[in-house]
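Comments concern the structure below.
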Amino acid sequence: MRKRLLALTAGTAALLLAVPASAADAGPGAAGIGDPYYPTYGNGGYDVSHYDLRLKYQPATDELEGTATILATPTQGLTRFNLDFALDVDEVRVNGNKAAFAATGEQELEITPAKPLEQGKQATVVVRYHGVPSAVQRYGFTSYQRTPDGGVNANEPEAAWWWFPSNDHPLDKATYDVSVSVPDGTQAISNGVLVSSSSKLGWTRYNWRENKPQATYLATLAIGHFDITTSTSDGGVPVINAYSTDLGDNDGAARASVERTGEIVDWLSGYFGPYPFSTAGGYVPNVKSGFALETQTRVFYSPKQFANGSSTSVVVHELAHQWWGDSVSLERWSDIWLNEGFARYAQWLWSEHEDEGTAQELADYVYALHPATDSFWTVAPGDPGADNQFDIAVYDRGALAIQALRNAIGDDDFFQLLKAWPTERRYGNGTIADFQALAEQISGQDLGALFRTWLYTTAKPATPAATALGVRADTKQPASWKQIAATNDIHGD
């Protein structure tokens, strides 16, 4: 090969020199972003900065038509790249030119542009598509929920495939414009701010914008008949909430809970720093599921969360995620403790605020509740495995780890840490190792043994670890426990 290169003519050599190195070295992007829990999720070779989604939806038939315009910058020369998507694709254009495409695997949309994409040069990808989301299953399930008057897209760790093509992994966050046309009398709810709406020829178009980076699973779309309320918190945060008009017996409890969003956002800001987004709120559609999800700025709540009455605890949990999981997102799904452990601990802090049990009393009770033989202790919150990603141990044992950390470094350093993490990594990503390093920096302590014991050891920590936690023998059930425990299926079916 070396001899052949030496034999090239001067003209040929000059031509080769004119080809950008990134194009000459171009190759296909990886079909997965490299997450050990979900190897096929996300994609390699590019970084998305913005999604522009222009949609039309017919509630009567569940038919969705869409045009997604994606701004992406290659991180390598690309001859081919993938998006994650499950609906039918009609056409793909890359930088204005038609591109070849094929559906492969469970959710891969494989795109071959007319010419290779240069590393570092932003590309525009347009995907035209259609489908009936309720008719689509991948890996044996659907993340889409049909309602009597429309549908809802909200799930974790995957939801985007059923309504827009994406690089579906929290490591690649982007801003969003979501424009949805629905029949007059029907509403479309999404993330961020409602920029405008207009009606023409029997159809109303709603234009939503989320101007801060957002992970794909945190993008949400709900279509149906809603009662929408607006307000502003004492701290100046605009709040938009929406309730299906057919919630029945759960309507009052849902409103009594979700309408406290502004108050709770302001309260959480005292622990985690300024609210990171331009608006807050939630919506309660008429779905059969029982879970809630921290969809960015517009939390999704199933009506079943309020079947036993109002629950500010679930609202606290999901709003805490706006800092822990949304603004600062995990780098890989094994770091889920950074999301769920701190959202659960926020519920413990709310219990203190409501004089229904301190965080220490809740820690005592949880520790005593699970004997050493309980499988609760066999799940390591710091790396629970994909099958146990939302196991109760990630929540409760995860919160125990945080109380142990609080006791080890003291309240001054602990509450400084609770603000420092969301501030220093705002709109970015992080790992448990990054968090430990920050805790050690603030406290001046080596915390390796504490993190290993509470996050990675698959056995019940015994003395002196339990002594360090502060556990007492005379534990009793805190008044807040039943409401906190009622949220245990927060990410279940």
Side-chain angles (χ1 to χ4, degrees), residues 170-171 212-213 235 265-277 294 316-317 319-332 334-353 358-363 366-367 380-383 394-457 461 464-471:
L171 198 55
K212 298 295 189 255
V265 162
D266 288 349
W267 175 78
L268 286 168
S269 296
Y271 287 101
F272 303 148
Y275 182 69
F277 304 117
E294 62 270 21
V316 168
H317 183 103
L319 290 177
H321 276 309
Q322 304 303 304
W323 287 263
W324 298 85
D326 292 14
S327 177
V328 186
S329 302
L330 42 74
E331 285 193 9
R332 52 182 181 256
S334 57
D335 292 311
I336 191 66
W337 171 73
L338 288 170
N339 293 14
E340 302 304 344
F342 285 87
R344 175 51 57 95
Y345 196 77
Q347 293 175 270
W348 290 13
L349 293 174
W350 180 254
S351 175
E352 288 189 354
H353 174 70
T358 66
Q360 183 62 62
E361 288 169 342
L362 284 159
V366 170
Y367 184 86
D383 190 2
V394 176
Y395 297 71
D396 281 353
R397 187 178 172 186
L400 279 177
I402 296 168
Q403 183 64 25
L405 175 63
R406 178 179 177 178
N407 291 343
I409 68 177
D411 276 5
D412 288 346
D413 286 347
F414 177 74
F415 289 113
Q416 180 184 344
L417 176 63
L418 288 190
K419 287 185 177 178
W421 178 258
T423 299
E424 294 184 11
R425 292 183 175 266
R426 183 173 296 175
Y427 311 131
N429 300 75
T431 66
I432 293 175
D434 294 330
F435 180 79
Q436 179 182 333
L438 181 61
E440 291 178 337
Q441 175 189 327
I442 288 174
S443 68
Q445 297 184 38
D446 182 348
L447 299 170
L450 185 147
F451 274 73
R452 284 193 301 274
T453 296
W454 290 101
L455 294 183
Y456 298 102
T457 302
T467 302
L469 179 63
V471 172

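Atoms considered below: every heavy atom in the structure, side chains included; atoms not considered: hydrogens, waters and symmetry mates.
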Taking atom [atom1] of [X] and atom [atom2] of [Y], what is their separation to the nearest 0.5 Å?
{"X": "L349", "Y": "L418", "atom1": "CG", "atom2": "CG", "result": "7.0 Å"}
{"X": "D383", "Y": "I336", "atom1": "CG", "atom2": "CD1", "result": "12.0 Å"}
{"X": "R452", "Y": "T457", "atom1": "CZ", "atom2": "OG1", "result": "8.0 Å"}
{"X": "I432", "Y": "L330", "atom1": "CD1", "atom2": "CG", "result": "9.0 Å"}
{"X": "I442", "Y": "K419", "atom1": "CD1", "atom2": "NZ", "result": "12.0 Å"}
{"X": "F451", "Y": "L405", "atom1": "CZ", "atom2": "CG", "result": "5.0 Å"}

Any side-chain heavy-atom pair from Q360 and W348 closer than 4.5 angstrom? no
Tell me whether the rings of F435 and W324 are parallel (<30°), tilted (30 to 60°) or perpendicular (>60°). perpendicular
Parallel, tilted or perpendicular, as decided by the 30° and 60° cut-offs, for the rings of W267 and H353: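 Rings of H353 and W267: tilted, 30 to 60°.
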Compare every heavy atom of [Y] with every heavy atom of [X], then report the nearest pair and how far apart it is.
{"X": "S329", "Y": "D326", "result": "OG-O, 3.1 Å"}
{"X": "R426", "Y": "S327", "result": "CG-OG, 3.5 Å"}
{"X": "L417", "Y": "A439", "result": "CD2-CB, 3.7 Å"}
{"X": "L455", "Y": "A401", "result": "CD2-CB, 3.7 Å"}
{"X": "G430", "Y": "L338", "result": "O-CD1, 3.9 Å"}
{"X": "A363", "Y": "L400", "result": "O-CD2, 3.4 Å"}

Determine whether D434 and W421 satisfy the following criterion, side chain to side chain contact (heavy atoms under 4.5 Å, CB included), listing intermediate values before the conclusion. CA-CA 9 Å; D434 294 330; W421 178 258; 3.8 Å; yes
Looking only at side-chain N and O atoms, does N407 offer a donor or acceptor that is under 3.5 Å from a partner on Q403?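 Note: Q403 and N407 side chains meet the donor-acceptor criterion.
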Would you please say whether a donor-acceptor pair under 3.5 Å links the side chains of D266 and S269?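 There is no such pair between these side chains.
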Give a yes or no on whether the backbone of [Y] and the side-chain of [X] come within a donor-acceptor separation of less than 3.5 Å.
{"X": "E352", "Y": "A359", "answer": "yes"}
{"X": "Y367", "Y": "P461", "answer": "yes"}
{"X": "Q445", "Y": "A408", "answer": "yes"}
{"X": "W337", "Y": "G398", "answer": "yes"}
{"X": "Q347", "Y": "H317", "answer": "no"}

For the aromatic rings, using the six-membered ring if either is Trp, is the centroid distance between Y275 and W323 under 6.0 Å?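 Yes - the distance between ring centres of Y275 and W323 falls below the 6.0 Å cut-off.
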Candidate pair I402 and F414, rule side chain to side chain contact (heavy atoms under 4.5 Å, CB included), full reasoning: CA-CA 9 Å; I402 296 168; F414 177 74; 3.6 Å; yes
Flag if over 12 foreign heavy atoms under 6.0 Å of CG, D411: yes
Check the pair N429 / R425 against side chain to side chain contact (heavy atoms under 4.5 Å, CB included), numbers first and verdict last. CA-CA 7 Å; N429 300 75; R425 292 183 175 266; over 6 Å; no
Between R344 and R397, is a side chain to side chain contact (heavy atoms under 4.5 Å, CB included) present by the stated rule, with each step listed? CA-CA 10 Å; R344 175 51 57 95; R397 187 178 172 186; over 6 Å; no
